[in-house]
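Values reported hereafter were calculated over all heavy atoms of this structure, with side chains retained and with hydrogens, waters and symmetry mates removed.
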Amino acid sequence: MAKIQFSRGIDEEVVPDVRLTRSRSGDQGTATFIFTNPTILGQSSTEEVTGMYMIDEEGEIITREVKGKFVNGKPEALEALVLMKTPEEWERFMRFMERYAKDNGLGLSKS
């Protein structure tokens with residue numbers, strides 16, 4: 001099962017909006033994840049965000065590029081950026097996303 005965590009051992013229940021970009025050569029790419037009102041930022045949560053961990057049967061992909069968005073001093077969203085610098089990293093990321101999409105009912109729409 002593919003899952004996302006912001007603090008090790010605690011699965012994020014909110015399904016993100018994900019935006020992908022890829023270089024013309026296909027060598028590099030980025031994925032921007034936007035979690036609106038994620039459970040890790042809930043009032044009852046005391047956990048600290050230490051990064052974003054994308055975990056599946058192949059292992060995990062980790063990014064430390066996680067930013068919080070606050071409105072009127074209250075946490076509202078988390079934005080995480082995943083950089084893929086090689087075609088192999090892109091392929092590994094896409095395998096994770098296929099599993100995550102299947103587990104969470106996500107679809108792909110091209111702009």
Handout entry: side-chain contact (heavy atoms from CB on, under 4.5 Å) evaluation trace for Ile40 with Ser7
Key = CA-CA 8 Å; Ile40 191 77; Ser7 186; 4.0 Å; yes
Completion exercise
In short, Ala77 meets Pro38 closest at the heavy-atom pair CA-CD, 4.1 Å
Handout entry: Side-chain heavy atoms of Phe33 within contact of Glu65, under 4.5 Å
Key = no
Exercise for the section: Carefully, step by step, assess Tyr53 and Phe6 under the rule ring-ring contact (aromatic ring centres under 6.0 Å, His included). Expected result: CA-CA 6 Å; Tyr53 309 93; Phe6 289 106; 8.5 Å; no
Completion exercise
Here the pair of heavy atoms bringing Val15 nearest to Tyr100 is CA-OH, 4.0 Å
Fill in the blank from the handout: Rounding to 0.5 Å, atoms NZ (Lys3) and CG (Asp11) come to a distance of 4.5 Å
Handout entry: Point-to-point distance, once rounded to the nearest 0.5 Å, from CG of Asn104 to CE of Met97
Key = 9.0 Å
Problem - Electrostatic pair Glu60:Arg92 at N-O distance under 4.0 angstrom - result: no
Practice task
Could you tell me how the ring of Trp90 sits relative to the ring of Phe93: parallel (under 30°), tilted (30 to 60°) or perpendicular (over 60°)?
Solution key: tilted
Exercise for the section: Could you tell me whether a side-chain N or O of Arg64 sits under 3.5 Å from a main-chain N or O of Thr50, the two making a donor and an acceptor? Expected result: yes
Practice task
With the side chain counted from C-beta on, respond yes when Met94 and Leu20 share a heavy-atom pair under 4.5 Å apart, and no when they do not.
Solution key: yes
Exercise for the section: Measure from the side-chain N and O atoms of Glu12 to the backbone N and O of Val14, and report whether any donor-acceptor pair falls under 3.5 Å. Expected result: yes
Handout entry: Interatomic distance, Ile10 atom CD1 to Ile4 atom CD1 [nearest 0.5 angstrom]
Key = 15.0 Å
Completion exercise
dist Glu91:CD -> Phe96:CZ (nearest 0.5 Å) comes out at 15.5 Å
Exercise for the section: Could you grab the distance from atom CD of Glu89 to atom CD of Gln28, nearest 0.5 Å is fine? Expected result: 9.5 Å
Exercise for the section: List the atom of Leu41, the atom of Pro75, and the distance in Å for their closest heavy-atom pair. Expected result: CD1-CB, 3.6 Å
Exercise for the section: Evaluate the side-chain proximity of Arg99 to Glu57: yes if any heavy-atom separation is below 4.5 Å, no if none is. Expected result: yes
Exercise for the section: Walk me through it: do Thr86 and Asp27 pass the test side-chain contact (heavy atoms from CB on, under 4.5 Å)? Expected result: CA-CA 5 Å; Thr86 66; Asp27 292 342; over 6 Å; no
Practice task
For residues Lys67 and Leu81, determine if any side-chain heavy atom of one lies less than 4.5 Å from a side-chain heavy atom of the other.
Solution key: no
Practice task
Starting at OG1 of Thr32, measure out to CZ of Arg19 and round the result to the nearest 0.5 Å.
Solution key: 7.5 Å
Problem - Which atom of Ala2 lies closest to which atom of Asp103, heavy atoms considered - result: N-OD2, 2.9 Å
Exercise for the section: Report yes if the side chains of Val82 and Thr30 come closer than 4.5 Å at any heavy-atom pair, otherwise no. Expected result: no
Practice task
For the pair Asp17 (side chain) and Ile34 (backbone), establish whether a donor and an acceptor sit closer than 3.5 Å, ignoring hydrogens and angles.
Solution key: no
Practice task
Considering only NZ, NE, NH1 and NH2 on the basic side and carboxylate oxygens on the acidic side, decide whether Glu79 and Lys69 come within less than 4.0 Å.
Solution key: no
